[in-house]
Amino acid sequence: MDLLPKPKEQALQTGEYTPTIHTRIMLAADTAPGALLYAQMLQQTIADQAGLSLDICRGCARDGDIALTIDPQLPAGHYRLTVAADGILLAAGDDEALCNSVQTLRQLFDLSGAVLSARTIHDWPDMATRGYYFDCSRGRVPKLSFLKQVADRLCRYKINQWQLYIEHTYLFRDLSEAWRDDTPLTAQEILELDDYCAARHIELVPSLSTFGHMYKILSTKTCCDLCELEDSEKIPFSYTYAGAHHTLNVSNPDSLAFVKRLIDEYRPLFRTNKFNICDDETFDLGKDRSRSLAEQEGVQALYVRHVKALCEYIVAQGGIPQFWGDIMWRFPESCRELPKETICLNWGYLPNQRENEIRDIAASGITQYACPGCCTWNCWMPLMDYAYKNNRVMGGHARKYHAVGILNTDWGDYAHINDPRLSVPGILYGAAFSWNADEVSFEEINEAISRLEYGDASGRLAGAMAKLADHHEIFDWSHAVNWIEATDDRRPEILAQVEMSRVPAANAAVADARSEILATARTLPAGHKEMVQLLCVVADSITLWNDIGAYLAGEHTAGDQAGTALACRLEQWFYRYRLEWDKTSRVSATPRLIRLMNAWADCLRGRAYGTVQAPGIRT
């Protein structure tokens, strides 16, 4: 596999193509004005890889030129790329396919420099919608500059839909109490990102929690009356608690109008007609303020009525609503009550994810996306093998049951400690299998990622990253958070869930993987060597937390020498971790994460060990 995604049809020919200083990138008269951007992308790649500065023109190509044109004989979404000794022709059925053809040609120059082997490629996607979903709410809000880098990457690998998950991290005009301790995205930033994405044929779709997962909003004094749980504003924060609460009280007649106002403020920022209302994991529904109504009508009826009302509201405005399907899958017949325009987002994240949920939603007659995952959440290093298998199998389910799209998810549970730059392999697995269902081995796709994404001439970096991720997190982040936030009587139970005897072997494996990563530094180009520093920080993350878990499970005295040494390691490591955070993300919720890390260091030193007393930590 040399190109990613793998083209449907490719045939090598005899001969070679070499551009010269007289070569021009020619836009045919039938190309849209926006095609200038694709030509500029190609121009920059040729400058980087072949060392030539080519002019861009519009008109008829001559021998030796690179021509971009629209061919009405090709179906929409299809392109044909011809590399011959006397020039290159990129012909596409529509503008998006033309953009995609340029990305393929850019990869050829990335791999071959100034001399390209002659070939013909005819290519088109299996799935019309190939999406990526990124969490911007649970601790990490990316900088706009980084979001634009992500958009460039999505375009490069032919991903054409993107959603940012928002709970409270958009600057709603009347919700300052919810976002006052965060660094939310602004309207102007969303407008700018939407414009940036549209130019690259990426549909930026708004995604907003409107039922469950409204913890920050419904914990405020401003909005607490709308929460299912009474006195929600009085419950101290903890990551453990916030991840499962709060749900909107649908028995309150003001609740529906409230979320409609949020939609009305947020939706106009996007040019798409789609809107994801989320409505997943409504854990609290019917358990407090709406209990009596749930006893009368059933929790299912309460759920369906709220989802239906929001979907109908969006459809009435000419929109296409989307929602997560984890609740509705339990009673898929209720999908028939929703407007026909509605799209169910059907997620499942296991390496061998079963088809049942996709099958049952398909039988209900509703349109759906299959939603695999990058398997990044609660990990210092994403589980790359899991992500590869999950994307491959979910892509198969999507095709078997005629899903109209794939949306590859990237969550940030428990403070979003997972660095978004490490999501890239998972994103590219999704790009590969949503475009082309052909089987590609884990080793083969990782070699392609190494060469194309990281510029690694050895093709080994992504494979070494996968070894770093290969189940070496014994005392993982979810256990670390649960332990520090637990009461004394629960802490032994949490430690008992972890096989601490595996720590020495796991840490040795991490050291071996780190050595492999360091060995690739020589074959990485200058622009990608920063990955080595990031991966070394991540390697330290894994071994440090494994050692902390082993220390807690062993015989120790609070504040002993070993505990103090671990506290020092923790503080030194966290300093370097925060330097990496700042490269991609705003301050976001780091003050809360800092308090948690300080609480850990204090516990290791024997201060407040029995009960965590740091501000913001719920005991």
Side-chain angles (χ1 to χ4, degrees), residues 238-240 243-244 348-353 373-390 411 413-415 417-419 422 426 442 463-517 535-558 560-563 565-567 569-570 573-574 577 596-597 599-601 603-604 609-610 612:
S238 74
Y239 290 108
T240 309
Y349 301 138
L350 295 175
N352 58 343
Q353 183 66 40
C374 295
C375 300
T376 50
W377 45 95
N378 286 329
C379 298
W380 298 108
M381 185 67 203
L383 300 178
M384 291 170 57
D385 179 61
Y386 273 46
Y388 162 81
K389 292 175 180 175
N390 179 242
W411 299 101
D413 305 48
Y414 286 7
I417 50 92
N418 35 301
D419 191 292
L422 299 177
F442 189 50
M465 291 168 62
K467 292 179 182 178
L468 185 60
D470 193 17
H471 306 286
H472 299 316
E473 296 184 23
I474 307 303
F475 191 57
D476 63 23
W477 182 240
S478 61
H479 286 108
V481 172
N482 290 336
W483 190 93
I484 199 70
E485 293 185 341
T487 52
D488 285 347
D489 59 322
R490 281 214 61 238
R491 286 175 173 168
E493 175 188 337
I494 294 168
L495 289 178
Q497 299 169 2
V498 184
E499 297 180 60
M500 297 301 181
S501 61
R502 295 171 52 207
V503 166
N507 285 0
V510 169
D512 290 343
R514 177 170 45 204
S515 295
E516 287 194 41
I517 289 165
L535 289 166
C536 286
V537 171
V538 168
D540 280 359
S541 306
I542 298 170
T543 55
L544 169 64
W545 287 99
N546 283 350
D547 288 343
I548 289 174
Y551 169 79
L552 295 175
E555 295 293 329
H556 65 274
T557 303
D560 61 12
Q561 186 174 359
L566 280 173
R569 275 180 64 190
L570 173 63
W573 158 81
F574 190 52
Y577 173 83
L596 185 141
M597 293 297 181
W600 260 111
C603 285
L604 291 168
Y609 173 70
V612 178

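In this structure, the side chains of W380 and N418 stay at 4.5 Å or more apart for every pair of heavy atoms. Inter-residue side-chain proximity for L535 and M381 is flagged as met; some heavy-atom pair is nearer than 4.5 Å. The shortest distance between side-chain heavy atoms of F442 and K389 does not fall below 4.5 Å. Inter-residue side-chain proximity for C603 and I484 is flagged as met; some heavy-atom pair is nearer than 4.5 Å.
Remark: side-chain polar atoms of N390 are paired, donor with acceptor, to backbone N or O of G348 under 3.5 angstrom. With hydrogens and angles ignored, the 3.5 Å screen pairs no side-chain donor or acceptor of H472 with any backbone N or O of V510.
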Audit row: I548, L552, side-chain contact (heavy atoms from CB on, under 4.5 Å) steps and yes/no
CA-CA 6 Å; I548 289 174; L552 295 175; 4.3 Å; yes
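Note that CG of L468 and CD1 of I517 are 4.5 Å apart. Values are rounded to the nearest 0.5 Å. How far CD1 of I474 is from OG1 of T543: 12.0 Å, rounded to the nearest 0.5 Å. Rounding to the nearest 0.5 angstrom, the gap separating the CD1 atom in I417 from the OG atom in S478 is 9.5 Å. Separating the CD atom in E485 from the CG atom in L596 is a distance of 6.0 Å, to the nearest 0.5 Å. Atom OG1 of T376 sits about 10.5 Å away from atom CG of D419, to the nearest 0.5 Å. In this structure, T240 OG1 and D413 CG are separated by 11.5 Å, a value rounded to the nearest 0.5 Å.
With sequence neighbours left out, the side-chain contact (heavy atoms from CB on, under 4.5 Å) criterion links P492 to no other residue. Not counting sequence neighbours, the partners of A480 by the side-chain contact (heavy atoms from CB on, under 4.5 Å) test are F475, W477, W545, W600.
When only modelled atom types and interatomic distance are considered, D476 and H479 share a side-chain donor-acceptor pair under 3.5 Å. In this structure, a donor-acceptor pair under 3.5 Å is present between the side chains of Y349 and W411.
Contact between P382 and A469 at its shortest, heavy atoms only, is O-CB, 2.7 Å. Of all heavy-atom pairs between G426 and C374, the closest is C-SG, 3.8 Å. Taking each heavy atom of H556 and Y551 in turn, the nearest pair found is ND1-O, 3.1 Å. The shortest heavy-atom contact between A553 and M500 is CB-CG, 3.6 Å. Taking both residues in full, the closest heavy atoms of A464 and A513 are given as O-CB, 4.0 Å, listed atom of the first, atom of the second, then distance. The minimum heavy-atom distance linking A567 with A601 is given by the pair CB-O, 3.7 Å.
Remark: E499 CD is loosely packed, at most 12 non-hydrogen atoms of other residues, nucleotides or ligands lying under 6.0 Å away. Other residues, nucleotides and ligands contribute at most 12 non-hydrogen atoms within 6.0 Å of the OH atom of Y386.
For residues 505-515, the side chain to side chain donor-acceptor pair (under 3.5 Å) pairs, not counting sequence neighbours, are N507-N546, N507-D547, R514-D540.
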